[in-house]
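Structure, as structure tokens:
A, B, ... follow the sequence lines: proteins, then strands. Residue 1 opens every chain. None of these values were measured; they are calculated from a predicted model.
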Amino acid sequence: MAGAISRRKVAEYTAERLLAGDKDILTQLAAYLVQTRKVRTLELVVRDIEAALAERGVLVADVRSAHDLTASIKRELTAFLADTTGAKTVQLRESIDPTLIGGVQVETPSATLDTTIKHKLQQLKAAKQ
Amino acid sequence: MAELSVNELSQDLRNAIANLQGKEGLEEAGVVVRVGDGVAWVHGLKNAGYSEVLEIESEKGTVEAFALNLMEDEIGAVLLGDENFVKAGATVRLKGELLTVPVGEELLGRVVDPLGRPLDGGPAIKTKQRGLVEREAIGVMGRKSVHEPLMTGIMSIDAMFPIGRGQRELIIGDRQTGKTAIAVDTMINQARQKSGVVNVYVAIGQKLSKIARLVERLKEEGVMEQTIIVATSPSDAASLLYIAPYAGTAMGEYFRDNSQHALMVYDDLTKHAVAYRQMSLLLRRPPGREAYPGDVFYLHSRLLERSAKLSDELGAGSLTALPIIETQAGDISAYIPTNVISITDGQIFMETDLFYQGIRPAISAGLSVSRVGGAAQTKAVKGVSGNLKLGLSQFRELASFAQFGSDLDAETKSQIDRGQRLTELLKQPQYQPMGIWEQVASIVAVSSGAFDEVQPEKITEAKQALLAKLWKEAKKDMQTLNKGGKPTDELMQLLTDTAKAVSRAYEGA
């Protein structure tokens, strides 16, 4: 019996096939997850695939902010991410969350940048304790 | 001179600031996937190092953990804080450093937890330095052989199994045989004899009531000013029990590295091994013998290897260790006891039978040994205690024969008589460590035969009378003797004569 394949290996293979333009890979991955009863780890597999893609120069970043971001801020953000992570293409997945009060929260597969007022307030609160 | 372009300067400055912010801003982060039983499994953080500190965000500020399992898909980290605040999905960051604890003189007289936080209700501890919890032991060239005595104040140990500064001497025995008492008396003796040795007592999973009693006692005896207590209770997380001895050693090493002397008491390493077993099993490491993980030997060997006598170039400081191991029904061939026996430079074996016969401290003369202490024994005690150990072991063997009540030849009988008196002599109440002169005078009284006519049950009384008389009549000589030098013939004669004089009052039934 072949040993279990690690999640990282599955993710790396999927990322490579995706970059090569293989459209069937997602169906195959779905079938693999169902057959090996790993559907519960779906979230983690997605994260691993994103991380594997980022290593290969395709960065998907979650951007959360309290208000809509202007085009110039998005441009700067994209340039900043491309610069710091060395990615060739950067895709932003935006979402609005008014509870952040202000600032922006960026999450890439392996790192975070939190400049929101909510985060700063939390830090202050924790420091006071 | 070229014209300075203000425009460019401002642009350069802006770029520099942007760079700084960029580096500071984008932090490597992971997420907690699962958490439970004091262990958090983290996804991400590919750059995490072994034993590196992780910071997990929670509603109540950050909770620290340290990474122990670095696997392909996830990291197993052991939580140092309250696991109730850590939730799945929480962000985890690298702290970029290994675990450290505050070290320094400021800790003296304090009761702290393994992270250096005060437990005695006193003010927060601010030290100038921090020490690494996991630190490599000093190398060969940095060491010197053990040569200075560490007086325990317990006559049977100082005479038969002497301990030197930098030695690791195991105290092993069943529960309730007086293991902790030996360690505590040794700590008290350091204050009584003003030896300047700093005590670090590490309580691993001890009942808090026991620790509170100990602290009270040490305060009464005036030992607390030169003592640090690192306390963990059975209700603490296994991770805290696991780091406690390493953290305590880091605090002791501060004194060792600053040309001072420190004494470590690890009470006890059996519980430490059990805490590590719990952590390892929860981290899903494969169990071995008695379900302990494969590296349980390394767990204790790397801890005890940090005890050392430093070379003169490094300041000649020392760190002596008295680890304690609890056995089950006297079985010293169980896994953890054999491990620690093989690591240490000797052991003091405590026997339940002796304890209940009233022979306290219940030290077994046959099974105890000190492998390096002989070179460090005080000249005064060494000069008089020559074949004490042999005599005592032979007596215990003969005594079991003699119980059959058969006729014995004169020689055997005298050996038994002497042995009985020796056994009585070596009985010593708790919290009463003896100085060098007291030990020498007592041993001389019995081994010279001066007390041969005193009934065994009156030996203790006679000994007290002898010591009182000597202190009254020859205080100067006793103070000289207490310095540890080899006693002169005149002094020996004085001791024997005084002992004979005292003996007369106690002769007869």
From [X] atom [atom1] to [Y] atom [atom2], the distance as rounded to the nearest 0.5 Å:
X      : Y      : atom1 : atom2 : result
A/Q122 : B/E59  : CD    : CD    : 8.5 Å
A/L113 : B/L26  : CG    : CG    : 6.0 Å
B/H43  : A/S110 : NE2   : OG    : 10.5 Å

Best-contacting candidate, B/T91, B/V31, B/N47, B/T62, against chain A by heavy atom pairs under 4.5 angstrom: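 Top option by heavy-atom pairs under 4.5 Å: B/V31.
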Count the heavy atoms belonging to other residues, nucleotides or ligands that lie under 6.0 Å from [atom1] of [X], then report whether that count exceeds 12.
X      : atom1 : result
B/R284 : CZ    : no
A/R40  : CZ    : no
B/Y298 : OH    : no
A/E76  : CD    : no

- request: Would you please test B/E72 and A/K9 for salt bridge (Lys or Arg N to Asp or Glu O under 4.0 Å) and show each step?
  value: CA-CA 9 Å; B/E72 199 169 6; A/K9 290 224 173 76; 3.7 Å; yes
message: Please classify the contact between A/T115 and chain B as side chain, backbone, both or neither, with a heavy-atom cut-off of under 4.5 Å.
response: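 The answer is neither part of A/T115.
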Validation row: A/T112, B/E28 side chains within 4.5 angstrom (heavy atoms):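 Counting from C-beta outward, A/T112 and B/E28 never come under 4.5 Å.
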B/M71 and A/R8, any side-chain heavy atoms less than 4.5 Å apart: no
message: Restricting to non-hydrogen atoms, name the atom on B/D73 and the atom on A/R7 that form the minimum distance, rounded to 0.1 Å.
response: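 Smallest interatomic distance, heavy atoms only, reads OD2-N, 2.9 Å.
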query: Are there residues of residues 43-66 of chain A that reach to under 4.5 Å of chain B by heavy atoms, and which ones?
result: A/L44, A/R47, A/D48, A/E55
